[in-house]
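All values below come from the heavy atoms of this structure, side chains included, with hydrogens, waters and symmetry mates left out. Just so you know, ligand 1 is whichever comes first in the structure, and atom 1 is the first atom listed for that ligand.
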Amino acid sequence: SRSSVSHGERAKCHPNALARRLFAIAETKQTNIAVSADLTTTRELLSIAEALGPYIAVFKTHIDIISDFTSDTTDQLQRVAEKHNFLIFEDRKYIDIGNTVQKQYRGGALRIYDWAHIINASVLAGEGIIDALSRTIENGEERDRGILILAEMTSKGSLATGEYTKASVEIARKHKEHVIGFVATRQLSADSRSDEAVPGEDFVIFTTGISISSKGDALGQQYQSPASAMERGADFLIVGRGIYSGSDPVASAKAYRDAGWEAYLSRLEG
Ligand code: 5BU
């Protein structure tokens with residue numbers, strides 16, 4: 001499966017330019033950590049981006065929870081991203097008809113297309129949502145944009161399973177120019193008969209619900225460890241409270257980076 005191929009190799013061979021850039025960042029900085037920066041003010045968001053920038057490959061936002069959001073919030077975040085060489089992933093989870101999601105992606109107060117390298121979408125409404133978001137990318141001027149399909153969720157009782165997850169993979173296969181992978185808890189696209197990678201296919205797996213110390217929260221979140229997620233086929237580990245909510249986020253970020261990178265190296269050695 002893809003899991004035995006290095007980030008350096010995938011950075012050279014991936015057909016999508018943004019995915020190549022993502023793997024190159026991981027290789028250079030030796031990190032597969034995406035911090036989920038679920039903070040609620042611009043000041044906190046920018047200060048955690050600045051502090052954790054050296055240890056992460058991706059900075060994941062929920063920009064609609066920022067209480068004092070202005071375009072300056074994301075202008076400054078883009079500058080920090082350039083300085084520390086990480087990508088920005090807005091976890092917007094688009095889930096509407098094509099006409100609506102195009103407006104939500106390109107415009108509104110948040111103008112997500114302008115500053116987020118990566119977005120995600122659910123295919124609950126069908127394939128049209130991916131067509132619509134892809135067209136927005138094709139018609140825009142930014143070239144380094146990519147979509148993740150939300151194929152599974154980590155919350156208790158999630159209905160994103162079975163046929164829904166299978167359809168996510170099928171739709172991704174038809175939209176490889178812009179769909180770079182999945183948010184999922186495991187490798188999804190290996191050939192089911194042989195467990196081998198499908199030739200010409202290299203979807204990136206982002207896994208949420210990662211914690212070294214906790215099993216879950218009071219609202220249904222379910223965690224697995226960095227090593228477990230990497231064994232199941234994750235490429236990037238999304239960590240939120242495990243990093244930002246303790247007394248020393250930098251030390252936590254380093255601990256997750258080390259755990260994630262060690263698990264990645266041992267998978268390569270296989
Ligand atoms: P936590 O603090 O590590 O539990 O935060 C997890 C983040 O990942 C949070 O921003 C969620 O919105 C996001 N998430 C998730 O937890 N589970 C999922 O299945 C998906 C996203 Br998709």
Output yes when the distance from some N or O of ligand 1 to some N or O of V239 is under 3.5 Å, and no in every other case. no
Hey, is the main chain of E262 close enough, under 3.5 Å, to the side chain of S266 for a donor-acceptor pair? yes
Below 6.0 angstrom between ring centroids: does that apply to Y264 and H7? yes
Could you verify whether a donor N or O on one side chain and an acceptor N or O on the other, from T61 and E90, lie under 3.5 Å apart? yes
Distance filter under 4.0 Å to D91 heavy atoms, resulting ligand 1 atoms: 12 (O), 13 (C), 21 (C)
Measuring from atom 14 (N) of ligand 1, which candidate in V35, T208, I243 has the nearest non-hydrogen atom? T208
Say whether T185 and R232, considering side chains only, have a donor N or O and an acceptor N or O under 3.5 Å apart. yes
Proximal ligand 1 atoms for K60, defined as those under 4.0 Å from one of its heavy atoms: 7 (C), 8 (O), 9 (C), 10 (O), 13 (C)
Q221 heavy atoms within 4.0 Å reach ligand 1 at atoms 4 (O), 6 (C), 15 (C), 16 (O)
Ion pair present between R43 and E50, side-chain N to carboxylate O less than 4.0 angstrom? no
If the cut-off is 4.0 Å to any non-hydrogen atom of L150, which atoms of ligand 1 fall inside it? 22 (Br)
Should the proximity of D38 to ligand 1, defined as any heavy atom under 4.0 Å, be assigned to the side chain, the backbone, both, or neither? side chain
Which ligand 1 atoms, with their elements, are less than 4.0 angstrom from a heavy-atom of V183? 22 (Br)
How close does the nearest protein non-hydrogen atom get to atom 12 (O) of ligand 1, and which residue and atom is it? H62 NE2, 2.9 Å
Under a plain distance cut-off of 3.5 Å, with no hydrogens placed, do T136 and E138 share a side-chain donor-acceptor pair? no
Test R79 against E82 for salt bridge (Lys or Arg N to Asp or Glu O under 4.0 Å), laying out the working first. CA-CA 5 Å; R79 282 199 282 276; E82 275 160 36; over 6 Å; no
Quick test of your reading of the model: are R92 and D64 salt-bridged, counting only N-O distances below 4.0 Å? no
among protein heavy atoms, the one nearest atom 3 (O) of ligand 1 is G240 N, 2.9 Å
With no hydrogens and no angle check, do the side chains of D38 and S36 hold a donor and an acceptor under 3.5 Å apart? yes
Relative to the ring of F206, is the ring of F236 parallel (under 30°), tilted (30 to 60°) or perpendicular (over 60°)? parallel
List the closest protein heavy-atom neighbour of atom 7 (C) of ligand 1: residue, atom name, distance to the nearest 0.1 Å. S36 OG, 3.4 Å
Give the residue and atom name of whichever protein heavy atom lies nearest to atom 17 (N) of ligand 1, and the separation in Å to one decimal. T154 OG1, 2.7 Å
One finds that the ligand 1 atoms under 4.0 Å from a non-hydrogen atom of M153 are 18 (C), 19 (O), 20 (C), 22 (Br)
Proximity of R241 to ligand 1 by residue part, where a heavy atom lies under 4.0 Å: both
Going by the order shown, which atoms of ligand 1 are within less than 4.0 Å of some heavy atom of Y223? 1 (P), 2 (O), 3 (O), 4 (O)
